[in-house]
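Some notes on the structure that comes next.
Throughout, protein chains are lettered first and strands after them, A, B, ... in sequence-line order, and every chain is numbered starting at 1. Worth knowing before you read on, the calculation uses all heavy atoms, side chains too, and leaves out hydrogens, waters and symmetry mates.
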Number of protein chains: 2
Amino acid sequence: MPYVPCPSCPLRANGPFKQYADRDIKFLDDLKKDHLAVEAGRDIIDAGDPNPPLFTLFSGWAFRYKMLPDGRRQILNFLLPGDVIGFQGHMFDAAPHSVQTLTDVELCSFHRSKVWELFSAHPELAFDLTWLTAREECYVDDNLLTVGRRSAVEAVGTLLIHLYKRADALNLRKNGGVTFPLTQSHIADALGLSLVHTNKSLRKLAKMGLHEIKNGSLTLTNGRALEKLAQFFDEPLAARPLL
Amino acid sequence: MPYVPCPSCPLRANGPFKQYADRDIKFLDDLKKDHLAVEAGRDIIDAGDPNPPLFTLFSGWAFRYKMLPDGRRQILNFLLPGDVIGFQGHMFDAAPHSVQTLTDVELCSFHRSKVWELFSAHPELAFDLTWLTAREECYVDDNLLTVGRRSAVEAVGTLLIHLYKRADALNLRKNGGVTFPLTQSHIADALGLSLVHTNKSLRKLAKMGLHEIKNGSLTLTNGRALEKLAQFFDEPLAARPLL
DNA sequence: CGACTTGTTGAGCCCATTCAATGCTAGTGG
DNA sequence: CCACTAGCATTGAATGGGCTCAACAAGTCG
């Protein structure tokens, strides 16, 4: 796993990300502690950890989740390259949720102790960190609307479109579709549904000719109709911050 | 409606809020545009507004919500005195959700154009604004867990405890209980339940002797058992920021 | 007083659940 | 190469939690 210095970050160069002044990039490079690889299915943040790490997701997928003591799980939202991980834990006594990798990932880890310096000396970065926090809240808000008020079929359709758009915006295309590493169990836990009913809803949508999932790749075969069904929110902005 | 200057803010003086340096308070006072009253049941932010206002809730209750085109409504979270309103809309093209008053309220409105100055010249305030944004996300995360994975009775119990704790922390006590301005319809829309089933769940909890709602006041008559049932998250911190 | 909002309760239905069984694929080890 | 295992996807059957529909009580406001 080669160390990737921020000034030569390929994600920053190739993705739909905002550009920063050299001074800011230099600071980010100073903030960066390590570049590490973690395999799929590992918890990288544990709810309750009083001193959780701070990352940016460099490559791969992950998700934030919470559990009830009896084992019920709710996935809060999914994390794609460029997303900040664990900042909430920095602000409170302890990490309020867990984070688990969905695929093998690469992470940029940061020095938590220097976050205050970010706020005091790099207001543009601070603003964008807040922006990323707010955007994550938007995703959760939308998912809450889905879980609370949409039917199972609507909910599954909505989630597929949402993830398709986000992956597509990051150029995660792969022979016609986008990479799609979720199992049906993840979909169920993100939507508050049972695994069995999630499967039946997926089959129903596929039979309606609206999507196809094969070999870890998601294709929307009738995007327009699916959008109409799901009435999902707008695309993310084109130029987004990347810390 | 008398104008309340920030240096003599009674909320800041009496509530469980953090203290700031005079310099910061002075800036906040400069940021403040108006002090206004709005009656109960009014939308103060409309989803889709490209230029939504920015407030702090000075007194009263409100809630953030989203609607589907066919009228289904999902309440995202509730807003109590000290909460910032509309900051998300400042970061995106348009307000991603609506905000409606639940009681008569008083609002401090701010100059949106000076938010950047807040970040560049008042990092402590910027950090705390981010903190408030992150805390709101925590509330939504918890509500998503509730809506997705708890039964109706558990969900209603959880919400009652959550609101009781928040109101209690703000000293909103009233002859034994705390003020509680929600109708059952609000509870239903916050939890993704039907109105009828919400009513039945409330009655069930009341019959179990766990709470009582009367004259706009909520009393937890068996707090310990209810907590056990709901297994809700920790108290908010004692000293929180107030912008 | 009627109109309206909010809360309450019962009846019946249906969407989503649990339980259960089976197929498919990939990986492991003999 | 095959037996065995494990994880994931699929499907049917039966149950049930939460839904809709409907009626009514109680308080408030013009």
* **A:Asp141/A:Arg135 salt bridge by N-O under 4.0 Å criterion** =>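 No, this pair does not count.
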
* Asked: Is a salt bridge present between B:Asp70 and B:Arg72, judged by a nitrogen-to-oxygen distance below 4.0 Å?
  ->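 Looking at B:Arg72 together with B:Asp70, the answer is yes, because their closest N to O distance falls below 4.0 Å.
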
Rounded to the Å, how far apart are [X] [atom1] and [N] [atom2]?
X	N	atom1	atom2	result
B:Leu102	C:dT5	CG	P	17 Å
B:Ile213	C:dT6	CD1	C1'	13 Å
A:Leu202	D:dA9	CG	P	9 Å
A:His186	D:dA9	NE2	C1'	14 Å
B:Lys204	C:dT8	NZ	P	15 Å
A:Lys214	C:dC24	NZ	P	16 Å

* **Short side-chain N/O contact from B:Gln184 to OP1 or OP2 of C:dT8, under 4.0 Å** =>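 The answer is yes; a side-chain N or O of B:Gln184 sits under 4.0 Å from OP1 or OP2.
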
* To do: Please assess A:Ser217 against A:Phe180 for the test side-chain contact (heavy atoms from CB on, under 4.5 Å), listing each intermediate value before the final yes or no.
  => CA-CA 5 Å; A:Ser217 174; A:Phe180 191 77; 5.8 Å; no

* Asked: Relative to A:Tyr3, does A:Lys32 satisfy both conditions: NZ or CZ under 6.0 angstrom from the six-membered ring centre, and within 45 degrees of the ring's axis?
  ->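 A:Lys32 over A:Tyr3 ring: yes.
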
* Spacing of CD belonging to B:Glu137 relative to CG belonging to B:Asp142, to within rounding of 0.5 Å ->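 Here the rounded value is 11.0 Å.
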
* Could you state the interatomic distance from NZ (B:Lys66) to CG (A:Leu145), rounded to the nearest 0.5 Å? ->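 Answer for the NZ-CG pair, B:Lys66 versus A:Leu145, is 6.5 Å.
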
* Which class fits the ring pair A:Phe87 and A:His90: parallel under 30°, tilted 30 to 60°, perpendicular over 60°? ->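 Aromatic pair A:Phe87/A:His90 classed parallel.
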
* **Residues that A:His186 engages under side chain to side chain donor-acceptor pair (under 3.5 Å), provided they are two or more places apart** =>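 Checked A:His186 against side chain to side chain donor-acceptor pair (under 3.5 Å); matches are A:Thr183.
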
* To do: Could you please name the option among D:dT10, C:dT6, C:dT8 that lies closest to any side-chain atom of B:Asn199?
  =>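 Side chain of B:Asn199 sits closest to C:dT8.
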
* Structure fact -> Contact string for nucleotides 14-30 of chain D, one letter per nucleotide 5' to 3', B = base within protein heavy-atom range under 4.0 Å, S = sugar-phosphate only, - = neither, reads ----BSBB---------

* Can you list the steps and then say if A:Arg149 with A:Glu154 is a salt bridge (charged side-chain N to carboxylate O under 4.0 Å, His left out)? -> CA-CA 9 Å; A:Arg149 288 305 183 198; A:Glu154 289 173 324; over 6 Å; no

* To do: Just need the stems in DNA chain D: three or more back-to-back Watson-Crick or G-U pairs, each with both distances under 3.5 angstrom, sorted by first number.
  =>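 So far as stems of 3 or more pairs are concerned, DNA chain D shows C:1-30 with D:1-30.
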
